[in-house]
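So the structure is just underneath, and the comments pick up after that.
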Amino acid sequence: GAVVSQHPSRVICKSGTSVKIECRSLDFQATTMFWYRQFPKKSLMLMATSNEGSKATYEQGVEKDKFLINHASLTLSTLTVTSAHPEDSSFYICSARAGTGRGSYNEQFFGPGTRLTVL
Amino acid sequence: QQQVKQSPQSLIVQKGGISIINCAYENTAFDYFPWYQQFPGKGPALLIAIRPDVSEKKEGRFTISFNKSAKQFSLHIMDSQPGDSATYFCAASNSNAGGTSYGKLTFGQGTILTVHP
């Protein structure tokens, strides 16, 4: 199957700093990438959808100025948590959906996740 | 109308037994129903998926049963193994949804499966 990577896998930062998480599709071009947040023992909560070359679409209740998403190329999307606070501590997961020609157009391939801890 | 309700919340099965997880949806426009397996500290991985033109799909020990009229679908894990212990999520999406809804997955609440040796 298609491979999606995330970097870093784990990050600890101080309150007030910004953290950037990268999501890469390694062997396919991702026209759309999704960013999710997951709390312990909970389901995935969609934060935003990003299409290459255009602005991200944020879900209701997600602060776009706090969670900056950039999808500059067909293989890379980044999520920057700005001025992080302890309540932003969570497991962040990205997924990528291929354009035409690679598997089911509805299939999303998930990254391994990034554990963010804000002290 | 966008919800997908999943049950049970947790499930304990003996090795060799059958694990059954159920999901129900409301949006009749949903036309893609995947199941994901997630191990602690990892991202979800696609296990098996079905479209509503068939009532059942089997891949190895994993089977999806789909009941379009009841708007329900379920995952059956035959001969459950301790290595199957994980959290399972059902999901649904509408492939004809336009704009920002295209390709979006709506997830169930998750089921924590424990298979005892």
Side-chain angles (χ1 to χ4, degrees), chain A residues 1-7 9-10 21 23-25 30-51 54-60 62 69 90-100 103-117, chain B residues 2-11 21 23 25 29-54 57 59 86-114:
Chain A
V3 180
V4 175
S5 71
Q6 276 184 247
H7 178 80
S9 58
R10 186 180 295 265
I21 302 170
C23 177
R24 292 182 185 272
S25 55
T31 53
T32 306
M33 287 185 169
F34 301 87
W35 286 95
Y36 296 85
R37 184 173 180 177
Q38 187 178 34
F39 292 103
K41 298 188 185 301
K42 296 294 184 183
S43 190
L44 285 78
M45 182 185 78
L46 180 65
M47 298 175 66
T49 302
S50 73
N51 292 295
S54 60
K55 289 185 179 180
T57 302
Y58 291 81
E59 294 299 300
Q60 193 172 9
V62 178
I69 291 171
S90 191
F91 192 50
Y92 292 89
I93 308 171
C94 72
S95 71
R97 183 173 62 80
T100 57
S104 164
Y105 58 83
N106 265 347
E107 185 170 349
Q108 290 184 28
F109 303 98
F110 285 82
T114 296
R115 173 74 58 194
L116 170 63
T117 303
Chain B
Q2 284 294 108
Q3 280 190 326
V4 176
K5 296 183 179 178
Q6 183 173 346
S7 63
Q9 191 173 9
S10 62
L11 180 62
I21 304 171
C23 283
Y25 63 98
F30 285 150
D31 61 357
Y32 175 67
F33 303 90
W35 283 90
Y36 290 88
Q37 179 188 57
Q38 185 180 29
F39 292 104
K42 304 294 183 183
L46 179 66
L47 203 56
I48 187 172
I50 197 169
R51 295 194 184 275
D53 52 344
V54 295
K57 183 175 181 179
E59 289 183 2
T87 300
Y88 292 80
F89 293 98
C90 64
S93 72
N94 173 9
S95 63
N96 295 310
T100 57
S101 294
Y102 185 66
K104 269 190 191 178
L105 288 170
T106 300
F107 281 89
Q109 295 80 4
T111 297
I112 300 173
L113 171 66
T114 303

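Below, chain A is the first sequence line, B the second, and so on; all start at residue 1.
For chain A, the nearby part of Q38(B) is the side chain; its heavy atoms alone come within less than 4.5 Å. Interface remark: Q6(A) contributes no atoms to any contact with chain B (heavy atom separation under 4.5 Å). With a 4.5 Å cut-off on non-hydrogen atoms, P44(B) touches chain A through its backbone and its side chain both.
By the salt bridge (Lys or Arg N to Asp or Glu O under 4.0 Å) test, K57(B) is found to be paired with E59(B), residues two or more places apart in sequence or in another chain being considered.
Ranked by heavy-atom pairs under 4.5 Å with chain A, the first of P34(B), G41(B), A45(B), G110(B) is G41(B).
Of all the heavy atoms in Q108(A) and Y36(B), the pair that sits closest is O-OH, 3.6 Å.
Below 30°, between 30° and 60°, or above 60°: for F30(B) and F33(B) the angle between ring planes is above 60°, a perpendicular geometry.
Annotation: side chain of C94(A) is not in contact with side chain of M33(A) (no heavy-atom distance under 4.5 Å).
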